[in-house]
Amino acid sequence: APPPRWGCPSAATSGACCSAAAPASGPRPRLLSPCSGAMKRDPPPAERQAQEEEDAGEQKTPLWIFGYGSLVWRPDFEFSSRKVGFIRGYSRRFWQGDTFHRGNEKMPGRVVTLQEDYDACTWGVAYEVCGEQINPTYLGPASEEDIAAQIIVSSGRSGHNIEYLLRLADFMRYFCPQVEDEHLFSIEEALAPSCPVYARLRSL
C-alpha cells in the first residue's frame, strides 16, 4: 500500500496543541549487495570516518508520528515539535481492542485505528520524535451502537473508555471544527445521555 499522504491545516489551526508514522525527508537507505563469499578488507580510515558520519546523520533524520487517538491529548513520549494536521487515504474507526488502558481481558475497551479509505482524511496531531509505536489487539468492524455499548461498560488503568471517546470528540470540535467525523460523533450520540459515567465526564 502507498504511504499515507499527510498535511497541515491553515495557520489558524496549525499552531494548536493515540499511531501512524508520517513520511520524513532524509537520505535514502543504501542498498547492500549479497555477500560474495570473499573476505572483506577494512576500508581506509578516511573512508571509514566518512561512513560513520553518514550513519550518524541518518540516525538524526527526524521521524514524524501521527497521533489520531489518545496521543492528540496525551503523548507518552518526548517530542521536539507538534502540529495539528491530517493524513489522506485513511479513515478513523473504533475497531481496535484495548485490554490495558481502556479495558481488560474480560471486557476489552474500544479505541481507534486507521483503515485504508482513499477518499477520506483523518485529523490528529503530528509529533516530531525518535521512537516506535506498537499496535494493540484488533477487534474489527461493528455497528456504532454495538461499539457504544462496549465503550459504556469498559475501563482500564488509564480510565473509563467513555473518557477516551469524549476527549477525542472534544479534540475534533475544538481544533478541527470544520471537519465532520461521522463515525466518531455517531458513537458519541449512541451513548445514553442518562449514563452516569457519561453525564459525570461531560460535567467536568
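Here the structure is a predicted model, which is why all the values come from computation and not from measurement.
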CD1 of Ile151 to OH of Tyr164, rounded to nearest 0.5 Å, is 9.0 Å
Would you please classify the geometry between the Phe175 ring and the Phe171 ring as parallel, tilted or perpendicular, with 30° and 60° separating the classes? tilted
Could you measure the distance from the CZ atom of Arg157 to the CG atom of Asn104? Nearest 0.5 Å is fine. 10.0 Å
With side chain to side chain contact (heavy atoms under 4.5 Å, CB included) as the criterion, how do Cys176 and Val84 come out once you've worked through the C-alpha distance, each side chain's angles and the decisive distance to 0.1 Å? CA-CA 9 Å; Cys176 313; Val84 173; 4.1 Å; yes
CG-CZ distance between Asp117 and Arg88, expressed to the nearest 0.5 angstrom: 12.5 Å
Mind telling me whether Trp123 and Phe86 have parallel, tilted or perpendicular rings, with 30° and 60° as the class edges? tilted
I'd like to know if the side chain of Gln150 reaches the main chain of Pro108, judged simply by a donor and an acceptor atom lying under 3.5 Å from each other, with no hydrogens or angles considered. yes
Test Trp95 against Arg110 for side chain to side chain contact (heavy atoms under 4.5 Å, CB included), laying out the working first. CA-CA 7 Å; Trp95 293 352; Arg110 284 266 183 178; 4.0 Å; yes
Please report the interatomic distance OG(Ser154) to NZ(Lys106), rounded to the nearest 0.5 Å. 13.5 Å
Aromatic ring pairing Phe94/His183, orientation class (parallel under 30°, perpendicular over 60°, tilted between): tilted
Residues Gln115 and Arg93: side-chain donor-acceptor under 3.5 angstrom: no
Do Tyr68 and Tyr90 make the cut of ring centroids closer than 6.0 angstrom? no
Flag side-chain contact, heavy atom, 4.5 Å: Ile87 against Leu114: yes
Using 0.5 Å steps for rounding, measure from the CG atom of Leu165 to the CG atom of Asp170. 9.0 Å
Side chain to side chain, Glu188 and Leu166, heavy atoms closer than 4.5 Å: yes
Contact between Trp73 and Val125 at the side-chain level, heavy atoms closer than 4.5 Å - yes or no? no
Please determine which of His101, Arg102, Met107 meets the side chain to side chain contact (heavy atoms under 4.5 Å, CB included) test together with Asn161. Arg102
The reported gap from CG in Leu168 to CG in Leu71 (rounded to nearest 0.5 angstrom) is 10.5 Å
Shared hydrophobic cluster, Phe100 / Val153 (ILVMFWY, side-chain heavy atoms < 4.5 Å): no
